[in-house]
2 protein chains.
Amino acid sequence: MTKQKQDTLFVGSLEKGMRVLSAFGERHRALGLTEIAALTGLDRSAVQRLANTLHKTGYLNKDPETRRYSPSLKFLELGNAYLWSDPLVQLAMPKLIELGRKLGERVNVARLDGDQIVYVIRIPTQLTSFGAMIAGRRLSALTTSSGRAMIACLSAAERKHAAETWPLTALTLKTTLDRAKIAATIEEAAACGYGLTVSENILNEIGIAAPILAADGRPVAAVQCSVSSMKWSIEKVRSGIAPHLIEVANSIQLS
Amino acid sequence: MTKQKQDTLFVGSLEKGMRVLSAFGERHRALGLTEIAALTGLDRSAVQRLANTLHKTGYLNKDPETRRYSPSLKFLELGNAYLWSDPLVQLAMPKLIELGRKLGERVNVARLDGDQIVYVIRIPTQLTSFGAMIAGRRLSALTTSSGRAMIACLSAAERKHAAETWPLTALTLKTTLDRAKIAATIEEAAACGYGLTVSENILNEIGIAAPILAADGRPVAAVQCSVSSMKWSIEKVRSGIAPHLIEVANSIQLS
DNA sequence: ATCTTTTTATTATATTATGATACGGTACAC
DNA sequence: GTGTACCGTATCATAATATAATAAAAAGAT
């Protein structure tokens with residue numbers, strides 16, 4: 001069998017290194033070499049070299065006692081670089097701070113990325129789960145209010161396709177995995193202009209979101225608010241929160 | 001001259017790739033190949049391969065019109081991984097949210113990293129400059145209230161050394177670069193237990209910070225608050241803000 | 001229209017990264 | 001206390017990769 005032709009514009013060692021970086025996250029805060037090898041599918045010798053290189057360049061900390069690696073502050077600096085480069089974040093951040101003060105509730109902005117959303121702005125005005133306090137979390141679009149608000153702005157065929165094929169992730173026991181139900185909530189969102197979830201991401205939490213559209217009408221992000229269902233009813237959220245989200249979402253004009 | 005012995009545990013291509021990643025930031029939000037080559041000192045062919053690889057693995061976006069690269073959401077996800085891995089952030093975040101509500105002012109946590117600080121928590125309860133709204137920014141320790149609060153907890157010899165040799169970065173025209181003055185403010189911080197800056201990071205802003213110590217007494221982080229000098233006097237900040245910061249800082253116990 | 005700069009694409013070859021493996025250290029089971 | 005299992009560290013011959021030089025294409029500036 002002849003040798004596969006080399007893709008001379010692709011650096012294999014760099015791709016392997018990035019796989020090591022992306023092994024860390026919510027469920028993997030510190031990892032040993034063998035764990036990294038298992039998570040990335042890479043050879044243990046390769047992981048030894050890659051982890052050592054990332055450590056020497058300051059990207060990974062190494063605990064001298066446990067010999068396990070963890071992300072360094074340079075990870076956070078990369079996150080900072082993203083926030084500087086995203087015009088949406090720069091436009092939206094001041095408006096979200098004002099909105100947080102006005103509503104007194106948690107407000108966020110999420111971007112659509114394929115069939116998932118990523119939270120790019122978090123204004124945690126109240127206590128909540130740690131994952132909901134920090135930026136950068138990635139979740140399935142179908143099971144979040146932000147995702148539903150954005151999917152609602154796609155064409156009917158695209159909405160149908162999304163409801164039928166996009167992945168589902170249960171975050172609570174109340175997360176619905178019934179695709180017909182999800183399709184119905186998306187159609188409802190299309191009708192009223194905002195998406196809703198109740199206890200699907202956090203128990204006793206109502207999530208409501210309004211879409212932010214690009215100049216060509218495509219949904220790219222959503223302004224979202226999370227409130228306690230102990231404090232708010234769905235009716236009150238519809239009348240007292242939704243209009244503010246829609247107003248802010250509409251005020252964010254992307255070129 | 002004989003060839004230098006290869007460090008077989010170091011992957012040179014990965015190190016080069018990380019240099020490309022770290023070229024992006026506040027002043028470099030989108031970059032072309034030639035710009036990346038200039039910033040990183042790498043050969044243009046190497047940059048082409050590395051940038052192409054980072055694009056194909058989803059870390060860099062490429063604008064098809066301008067052909068310039070920019071950080072993708074995966075950068076922010078790496079930032080998210082850092083926040084999950086830092087026990088200080090998990091301990092401090094709920095307390096900072098409560099503190100922000102109580103004070104009604106912007107509160108932050110910064111970590112000491114060598115002779116610089118990096119903001120790991122941002123609770124932007126009020127409008128401010130964009131850089132002060134987002135986590136991950138790195139600044140010189142000497143010219144920030146957080147940095148001064150932490151340096152104040154070092155030994156007298158270490159404080160002197162820091163004041164004399166650590167780098168200075170002017171952020172405003174009011175940023176003092178007078179090392180004797182800085183040394184004096186650090187000694188004052190050592191005496192009263194918190195660090196202060198006035199208009200040195202943002203004009204018309206008073207910054208005040210209390211140190212967070214590790215179990216061995218070393219300063220590792222600081223709880224910081226920023227207020228408008230139009231609204232607060234230094235006296236009011238000393239009596240109305242400092243005690244709360246010290247209380248929160250002392251309540252964060254790192255193992 | 002012309003010139004300059006940047007990006008893209010290709011290639012011979014030097015250099016690097018690979019993965020197999022031996023060894024040391026630690027944890028665990030008995 | 002002993003033996004075994006597992007993980008991390010260190011080494012090396014060699015295959016494969018990444019290099020950098022360079023030509024061509026495309027875009028930008030004048």
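Remember, it's a predicted structure, so these values are computed and weren't measured experimentally. Numbered from 1 within each chain, the chains take letters A, B, ... in sequence-line order. Hydrogens, waters and symmetry mates are skipped; everything else that's a heavy atom, side chains included, is used.
- Rounding to whole angstrom units, CG of residue A:Leu60 and P of D:dG8 are separated by 14 Å.
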Give me, pair by pair, the N or O atoms of the protein and of nucleotides 22-30 of chain D that are less than 3.5 Å apart, along with how far apart they are.
| unit_1 | atom_1 | unit_2 | atom_2 | d |
| --- | --- | --- | --- | --- |
| D:dA27 | O4' | B:Arg67 | NH2 | 3.4 |

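- Scanning both residues, B:Ser140 and B:Thr169, for their nearest heavy atoms gives OG-OG1, 2.6 Å.
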Residues 147-158 of chain A, side-chain donor-acceptor partners within the protein, below 3.5 Å, at least two apart:
| unit_1 | atom_1 | unit_2 | atom_2 | d |
| --- | --- | --- | --- | --- |
| A:Arg148 | NE | A:Leu142 | O | 2.8 |
| A:Arg148 | NH1 | A:Leu196 | O | 3.1 |
| A:Arg148 | NH1 | A:Glu200 | OE2 | 3.0 |
| A:Arg148 | NH2 | A:Leu142 | O | 3.4 |
| A:Arg148 | NH2 | A:Glu200 | OE1 | 3.1 |
| A:Arg148 | NH2 | A:Glu200 | OE2 | 3.2 |
| A:Ser155 | OG | A:Glu158 | N | 3.2 |
| A:Ser155 | OG | A:Glu158 | OE1 | 3.0 |
| A:Glu158 | OE1 | A:Ser155 | N | 3.0 |

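- Proximity of a side-chain donor or acceptor of A:His55 to a complementary backbone N or O of A:Leu60 within less than 3.5 Å is detected.
- By the side-chain hydrogen bond (donor to acceptor under 3.5 Å, both in side chains) test, A:Asp113 is found to be paired with A:Arg138, residues two or more places apart in sequence or in another chain being considered.
- Here the closest heavy-atom approach between residue B:Gly17 and residue A:Leu14 is recorded as CA-CD1, 3.7 Å.
- On a pure distance criterion of 3.5 Å, a polar donor-acceptor pair joins the side chain of B:Arg49 and the base of D:dA20.
- Atom CG in A:Leu14 sits about 15 Å away from atom C1' in C:dT16, given to the nearest Å.
- A:Asp7 places its CG atom 14 Å from the P atom of C:dT8, with the value rounded to the nearest Å.
- Of all the heavy atoms in A:Leu50 and A:Leu42, the pair that sits closest is CD1-CD1, 3.9 Å.
- At least one side-chain heavy atom of B:Arg67 sits under 4.5 Å from a side-chain heavy atom of B:Lys62.
- The backbone N or O of A:Val11 lies less than 3.5 Å from a partner atom in the side chain of B:Thr53, making a donor-acceptor pair.
- A:Leu39 places its CG atom 13 Å from the P atom of D:dC7, with the value rounded to the nearest Å.
- For a distance-only test at 3.5 Å, the side chain of A:Gln6 qualifies as a donor-acceptor partner of the base of D:dA18.
- Within the structure, side-chain hydrogen bond (donor to acceptor under 3.5 Å, both in side chains) pairs that include any residue of residues 17-27 of chain B comprise B:Glu15-B:Arg19, B:Glu26-B:Arg137 (at least two apart or interchain).
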How far apart are the C-alpha atoms of B:Trp84 and A:Phe24, what are their side-chain angles, what is the distance that settles it, and do they pass the ring pair (Phe, Tyr, Trp, His ring centres under 6.0 Å) test?
CA-CA 9 Å; B:Trp84 277 107; A:Phe24 294 90; over 10 Å; no
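- Annotation: side chain of B:Leu76 is not in contact with side chain of B:Asn80 (no heavy-atom distance under 4.5 Å).
- At least one donor-acceptor pair closer than 3.5 Å links the side chain of A:Ser72 to the backbone N or O of A:Tyr59.
- Summarising the geometry, the separation between NE2 on B:His55 and P on C:dT7 is reported as 14 Å, rounded to the nearest angstrom.
- Where B:Leu50 and A:Lys62 each meet DNA chain D at their nearest nucleotide, the meeting point lying more 5' is that of A:Lys62.
- Between B:Ser13 and the phosphate of C:dA17, there is a side-chain N or O to OP1/OP2 separation shorter than 4.0 Å.
- In DNA chain D, runs of at least 3 stacked Watson-Crick or G-U pairs (N1-N3 plus N6-O4 or O6-N4, or N1-O2 plus O6-N3, all under 3.5 Å) give these stems: C:1-30 with D:1-30.
- Per the geometry, CD belonging to B:Glu15 stands 14 Å off C1' belonging to C:dT16, to the nearest Å.
- Listed by residue number, B:Lys16 are the residues of residues 16-35 of chain B with a heavy-atom contact under 4.0 Å to DNA chain D.
- Atom-to-atom, CD of A:Gln48 to C1' of C:dT18 comes out at 12 Å; the value is rounded to the nearest Å.
- Atom pair A:Arg68:CZ and D:dG8:C1' shows a separation of 13 Å (rounding to whole Å applied).
- Residue whose closest nucleotide on DNA chain D sits further toward the 5' end, between B:Asp43 and B:Leu9: B:Leu9.
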